[in-house]
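Because only heavy atoms are used, hydrogens play no part in the values below, and waters and symmetry mates are left out as well, while side chains stay in.
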Amino acid sequence: MSKLRQFPSRGAVRVARMRPVDLLVLLGVVAVFSCAVRIGASADQPYDAAAPPVVSTDPGQLPYYAGRSLLRMFAGLVPAVLFTLVFGTWAARSRRAAKVIVPAVDILQSVPVLTFLSVTVTGFIAMFPHSTLGLELASVFAVFTALVWNMAMAFYQSLTTQSRELDEAARLMRLTRWQRFWKVDVPSGMIAQVWNGMISFGAAWFALSASETISVHGKDNGLPGVGSYVAQALDNGQGTRVALAVLVMITMVVSVNFFFWRPITAWAERFRTEDCEIAEQPRSWFLNLLRRSTLPALLGRVLRPAGERLDRAMRVLGTSPGRLRHDLVRRRRADLVFHVLYAAAVGLIVWRAFAYILDNVPVGEIGHAAWLALITYGRVMALVVFSTLVWVPIGAWIGMNPKVNRIAQPVVQVLASFPSNFLFPLAVVVLGASGISLNWGAIALMALGAQWYVLFNVIAGASSIPGELREAADDLGLKGWLRWKRLILPAVFPSYTTGALTASGGAWNASIPGELVSYGTTTLTAVGIGAYITQATDSGDFARNFLGAVVMSVYVVVLNRLLWRRLYRYAQRRCAL
């Protein structure tokens with residue numbers, strides 16, 4: 001009996017003993033939650049559509065505005081992760097669901113977020129007509145749409161390419177669907193999900209800064225945030241305060257990468273299943289600090305009984321399905337009904353969309369919008385060619401040198417995450433002083449935010465080249481162009497294709513604010529579909545805004561189908577390591 005009494009007493013003493021690092025972590029968690037609650041409580045304020053809220057440019061408000069912007073980013077990340085897990089799994093496990101979800105996600109991730117921003121703002125304002133909560137939800141929805149499509153597609157691809165050994169092990173052990181999801185599916189796709197989430201999060205900063213201030217029906221709707229602060233300072237011609245906001249934005253992006261993404265990236269390496277290790281393991285000082293704390297283990301012990309009860313309750317979902325034979329005749333009949341209903345739904349949506357455009361816009365203007373989109377398409381392709389020629393050699397050099405990679409990769413992450421429209425005022429001054437037309441200068445403005453995705457992905461591809469291939473190339477005496485042709489270019493081509501596809505989408509998004517920019521009393525306009533959409537949004541012309549969004553989406557989808565998807569399949573078939 002004495003031994004039985006000693007066991008809980010020693011355990012109680014061990015649990016009660018706190019280390020200095022535990023106190024530090026606990027204080028940090030309390031501080032984060034208290035700030036989130038206080039900032040979130042101010043999201044519901046009275047709203048009058050006739051007199052929208054005005055954003056102050058007082059520098060003392062910048063820390064509060066930064067907190068509001070950061071809270072919106074993570075408020076959009078949470079539903080994006082949930083959507084990814086649910087619909088990514090559904091598409092991977094259901095053949096008919098995949099025929100609907102995968103094309104829909106493929107098209108939606110090709111549609112620039114800013115094209116339908118004014119529509120969502122109007123809809124959410126109608127839902128909450130007397131509260132700023134509608135504007136807040138519209139901003140969070142813009143962040144969500146910028147995040148979710150790439151994340152969902154990455155998780156779906158990780159499940160469809162899951163190794164046969166893992167699949168057979170899950171079936172032999174008779175894991176329930178719930179157990180398989182958490183013990184097999186999520187861990188096997190964790191690394192790809194984290195990296196794609198980090199890239200998508202960087203792109204979402206741009207959508208956030210644009211969604212915090214938008215003109216609907218001729219009225220500017222502003223939310224307290226860094227993006228709206230910059231927009232208001234630009235309208236006032238306050239260059240010093242714009243520079244201060246840029247500094248705050250850089251600090252915020254660096255902090256998020258240091259305290260959130262870098263620890264998660266380093267933690268996700270525990271799920272790597274490849275035989276060979278990567279040349280440079282991600283490291284995080286903050287993650288090492290958390291690992292020295294006993295609070296995560298204590299929290300796990302507290303939540304374990306609830307997790308076990310939830311696991312038992314989810315047995316109603318059944319076990320992981322086996323390889324069963326199906327009635328082919330019955331399956332074909334069901335497939336026929338499904339395809340007929342699917343085609344009818346798609347046809348109805350397309351017909352209603354074009355009927356609305358023809359009822360509200362002259363027929364000749366459709367051709368004009370298509371011509372404007374063709375001009376913007378030329379700028380997008382010029383940006384991609386420039387990024388390829390400049391950043392592929394630099395990215396390969398950085399990725400194949402671990403010491404340089406350790407220093408350069410965080411810098412590239414910050415550059416890819418930084419909203420390029422914050423630098424547009426400087427571009428207006430430079431273009432105005434040099435006399436360069438915005439028709440050419442818009443390419444540089446679009447490149448400010450889009451080119452970094454090529455560099456980021458090429459670095460990732462070059463750094464993952466196995467050491468055995470490098471040693472074999474050295475032994476064979478491959479140098480100069482021959483080394484590039486036989487080793488480097490084939491190895492980085494899949495990553496380059498992903499980066500070029502992302503850069504192309506980012507360029508289409510950046511064309512909307514990049515083809516019509518202003519600073520103070522100076523306004524520059526370029527010929528293109530981006531300026532067309534911006535002017536329609538500012539004037540409250542929903543029909544022309546919708547026309548511009550549809551035309552741009554058609555160009556983006558066709559470009560993806562005819563060029564990027566073919567390059568992507570070629571890269572997977574011929575160049576995958």
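- The CG atom of L85 sits 4.5 Å away from the CZ atom of F181 when rounded to the nearest 0.5 Å.
- For the pair R68/V226, no side-chain contact is recorded, criterion being any heavy-atom separation below 4.5 Å from C-beta on.
- Side chain of S211 to backbone of A142: no donor-acceptor contact under 3.5 angstrom is found.
- Across every non-hydrogen atom of F258 and F286, the tightest pair is O-CB, 4.3 Å.
- Within the 4.5 Å cutoff, side-chain heavy atoms of L208 are placed close to those of W205.
- Between L383 and A507, the shortest heavy-atom contact is CD1-CB, 4.2 Å.
- Side-chain atoms of T251 and V254, non-hydrogen and from C-beta on, never get closer than 4.5 Å to each other.
- Here the CG-CG distance, from L159 to D185, works out to 5.0 Å after rounding to the nearest 0.5 Å.
- Here CE of M381 is found 15.0 Å from CZ of F386. Values are rounded to the nearest 0.5 Å.
- Between F155 and T89 there is a side-chain heavy-atom pair separated by less than 4.5 Å.
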Check: Should V492 and I459 be marked as a side chain to side chain contact (heavy atoms under 4.5 Å, CB included) after you check the CA-CA gap, both sets of side-chain angles, and the distance that decides it?
Finding: CA-CA 8 Å; V492 303; I459 291 175; over 6 Å; no
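- Here the side chains of R93 and R180 are in contact, with some heavy-atom distance below 4.5 Å.
- Looking at heavy atoms from C-beta onward, M151 lies in side-chain contact with T84 at the 4.5 angstrom threshold.
- Taking the six-membered ring where tryptophan is involved, the planes of F271 and W267 are perpendicular, since the angle between them exceeds 60° and thus also 30°.
- Between F87 and W90, the ring planes lie tilted relative to each other; the angle falls in the 30° to 60° range.
- Annotation: the span from Y377 atom OH to M552 atom CE amounts to 14.0 Å, rounded to 0.5 Å.
- The structure places CD1 of I529 at 6.5 Å from CG of L547, a figure rounded to the nearest 0.5 Å.
- Proximity of a side-chain donor or acceptor of T534 to a complementary backbone N or O of L516 within less than 3.5 Å is not detected.
- The shortest non-hydrogen separation linking M252 to A66 is SD-O, 3.3 Å.
- Judged purely by distance below 3.5 Å, without hydrogens or angles, the side chains of Y453 and S387 never pair a donor atom with an acceptor atom.
- Contact of the I264 side chain with the M198 side chain is not registered, since no non-hydrogen atoms from C-beta on lie closer than 4.5 Å.
- A pairwise comparison of heavy atoms in I436 and G441 identifies CG2-N, 4.4 Å as the closest pair.
- Listed by first and then second residue, the salt bridge (charged side-chain N to carboxylate O under 4.0 Å, His left out) pairs involving residues 412-432 amount to none (not counting sequence neighbours).
- Pairing each heavy atom of E212 with each of S228, the nearest pair is OE1-N, 3.4 Å.
- Closest non-hydrogen pair, W391 versus Q451, comes out as NE1-OE1, 2.9 Å.
- A search for salt bridge (Lys or Arg N to Asp or Glu O under 4.0 Å) contacts involving R379 returns E515, not counting sequence neighbours.
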Notebook entry, point to check: For L567 and Y496, what are the C-alpha separation, side-chain angles and deciding distance, and is it a side chain to side chain contact (heavy atoms under 4.5 Å, CB included)?
Noted result: CA-CA 10 Å; L567 287 179; Y496 160 76; 5.7 Å; no
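- Ring orientation note: the planes of W149 and F83 are nearly perpendicular, at an angle over 60° on the 30°/60° scale.
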Note to self: Checking V527 against L372 for the side chain to side chain contact (heavy atoms under 4.5 Å, CB included) test, could you report, in this order, the C-alpha distance in whole Å, the side-chain angles of both residues, the deciding distance, and whether it holds?
What the structure shows: CA-CA 7 Å; V527 179; L372 294 178; 3.5 Å; yes
Next item on the list: Determine, stepwise, if the pair V380 / S511 fulfils side chain to side chain contact (heavy atoms under 4.5 Å, CB included).
Entry: CA-CA 9 Å; V380 171; S511 69; 5.8 Å; no
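- Separation of atoms CG (L70) and CZ (F260) is listed at 10.0 Å; rounding is to 0.5 Å.
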